[in-house]
Amino acid sequence: MCGRYVSVRSDDDLTDEFDAVDATDGLWPEGDFNIAPTKPVRVVVNRPLRDAEGNAAKEATRQLRVVSWGLIPSWSRDRKTQGRMFNARAESVARTNAFRKAYASRRCLVPADGWYEWRRVDAADGVRKQPMYMTPADGHPIAFAGLYEFWHDPAATDAPTVTTCTIVTVDSSGDLADIHDRMPLVLARASWERWLDPSVADPADLLRTWDEADGEHLELRPVSPLVNKVDNNGPELLAEAEPEVEEQRLF
DNA sequence: CCAGACGTTGTT
DNA sequence: GTCTGG
DNA sequence: CCAGACGTTGTT
DNA sequence: GTCTGG
């Protein structure tokens, strides 16, 4: 799955990489080595720009924007469910009430430098979790398939509209499957445009498991359990660490 | 018809 | 055990 | 995702 | 908003 990731590239790097205009509005001043659900994240959306009077342009434009991680459906009465909507299963995203509309018309890319998974390890004193970091070997940013949604708090009539997002997950494949059974849907560069195309209602062909052959090679490494605490943040979280727990031998 | 859920993960 | 907060 | 709380009354 | 269950 994907419940914690890294995004440390500058806004300029991402607008170059994704051919997008910068609409972050100064809301993303720092990189984040420990992004958790409900925190601000940067996404690339493809929708018409609006002028100062709120008039929408005719053509859609790719925009780098800051939204909140954890999708709140437009009909939610409160935002408490946000913490549980940070992933959407590829297998059901086209049908479920919570995601169907966003999937049909509000898909986005979620740029990342890598992500964390916790590998469960049987140890002498019970089940332990070893944090692992996954990152593309070539150093380019990757793009998770995401969905975004607008929400307005019905209990606060003068509150501004909140934009939230979720990351689509698939069954793990390759080496990733040894770490965890689910992983984010990492879109190959060649798929970015179609995923973002608002005129496409159901890009079902892109909802596939990760195939290393058509994307970047991923490096996997154990990292320190410092990452467990959301308050910890910095490049030291990415450093390779001795596994805390040796895998128990089967015999 | 109205009421209540609407999600994912992990674990068993 | 289960929910909330980050 | 993991960490940390999880309750009430009264008083300040 | 829209679907399912009763």
Side-chain angles (χ1 to χ4, degrees), chain A residues 1-7 27-28 30-42 66-106 110 112-123 126-135 144-154 161-162 164-172 176-186 207 209 220 222-234 237-238 241 244-245:
Chain A
M1 105 235 10
C2 183
R4 213 73 84 79
Y5 74 98
V6 176
S7 180
L27 295 170
W28 183 268
E30 299 286 334
D32 194 336
F33 291 89
N34 203 351
I35 302 178
T38 71
K39 289 178 83 176
V41 296
R42 289 176 296 181
V66 177
V67 304
S68 176
W69 187 14
L71 189 142
I72 308 176
S74 59
W75 37 258
S76 286
R77 274 182 297 242
D78 56 52
R79 60 184 306 162
K80 281 184 189 161
T81 55
Q82 180 179 28
R84 283 174 291 198
M85 301 278 205
F86 57 90
N87 286 155
R89 293 177 64 85
E91 298 88 333
S92 55
V93 74
R95 298 188 310 277
T96 56
N97 282 342
F99 301 128
R100 186 176 46 189
K101 286 202 174 130
Y103 170 71
S105 56
R106 283 181 297 277
V110 184
D113 294 284
W115 79 96
Y116 303 101
E117 299 280 6
W118 278 259
R119 177 184 210 167
R120 297 185 119 73
V121 179
D122 291 327
V127 175
R128 305 281 290 277
K129 292 175 189 176
Q130 172 64 52
M132 306 285 292
Y133 183 58
M134 264 59 55
T135 190
F144 301 142
L147 313 174
Y148 66 98
E149 186 59 272
F150 299 108
W151 178 74
H152 183 264
D153 187 347
T161 297
V162 178
T164 62
C165 72
T166 189
I167 293 171
V168 177
T169 63
V170 293
D171 272 339
S172 291
L176 278 293
D178 295 333
I179 296 172
H180 201 80
D181 61 342
R182 302 286 294 177
M183 64 179 280
L185 172 46
V186 179
L207 298 173
T209 56
L220 326 175
V223 292
S224 158
L226 278 174
V227 70
N228 293 6
K229 254 192 206 299
V230 177
D231 290 345
N232 292 329
N233 211 311
L237 299 184
L238 308 185
E244 283 279 298
V245 192

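Each chain gets a letter, A, B and so on, in the order the sequences are listed, and its residues count up from 1. What you are looking at is a predicted structure, and each value in this text was computed from that prediction instead of being measured.
Annotation for A/Cys2 and A/Glu117: closest pair N-OE2, 4.5 Å, computed over non-hydrogen atoms. Between A/Ile35 and A/Ser7, the shortest heavy-atom contact is CD1-CB, 3.7 Å. Taking both residues in full, the closest heavy atoms of A/Pro131 and A/Ser224 are given as CG-O, 3.7 Å, listed atom of the first, atom of the second, then distance.
Scanning for salt bridge (Lys or Arg N to Asp or Glu O under 4.0 Å) contacts around A/Asp171 gives A/Arg182, with sequence neighbours left out. Shown here are the ring-ring contact (aromatic ring centres under 6.0 Å, His included) partners of A/Phe33, two or more places apart in sequence or in another chain: there are none. Considering only residues two or more places apart in sequence or on other chains, A/Ser172 meets the side chain to side chain contact (heavy atoms under 4.5 Å, CB included) condition with A/Leu176, A/Ala177, A/Met183.
Remark: P of D/dC2 and CZ of A/Arg128 are 14 Å apart, rounded to the nearest angstrom. In this structure, CZ of A/Phe86 is placed 8 Å from P of B/dT9, rounded to the nearest angstrom. Taking atom CG of A/Asp171 as the reference point, atom C1' of B/dT8 lies 14 Å away to the nearest angstrom. Distance A/Leu185 CG to B/dT8 C1': 16 Å, rounded to the nearest Å.
For the atom pair CZ (A/Phe86) and OG1 (A/Thr81), the distance works out to 12.5 Å, reported to the nearest 0.5 Å.
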Structure string for DNA chain D in dot-bracket form, Watson-Crick and G-U at under 3.5 Å, | interchain: ||||||......
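The span of DNA chain E lying next to chain A, judged by atoms under 4.0 Å from heavy atoms, is bounded 5' to 3' by E/dG1 to E/dC3.
Using a 4.0 Å heavy-atom cutoff across all strands shown, A/Asp181 reaches sugar-phosphate atoms only and no base atom. When heavy atoms are screened at a 4.0 angstrom cut-off, A/Tyr5 is found touching no nucleic acid atom at all. Within 4.0 Å of A/Ser92, counting heavy atoms only, lie sugar-phosphate atoms of the nucleic acid but no base atom. Across all strands shown, A/Pro73 has no heavy atoms under 4.0 Å from either base or sugar-phosphate atoms. Here A/Thr81 lies out of heavy-atom contact (under 4.0 Å) with every strand.
Between the side chains of A/Ser68 and A/Gln82, a donor-acceptor pair is found at a separation under 3.5 Å.
Distances were taken from every side-chain heavy atom of A/Asn228 (C-beta onward) to each of D/dC2, B/dT8, D/dC1; the shortest belongs to D/dC2.
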Protein N or O to nucleotides 3-6 of chain B N or O, pairs below 3.5 Å:
unit_1	atom_1	unit_2	atom_2	d
B/dC6	O2	A/Asn97	ND2	3.4

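The shortest side-chain heavy-atom distance between A/Leu147 and A/Arg106 does not fall under the 4.5 Å cut-off.
In this pair, A/Tyr116 and A/Tyr133 present their aromatic rings tilted. The plane angle is within the 30 to 60° band.
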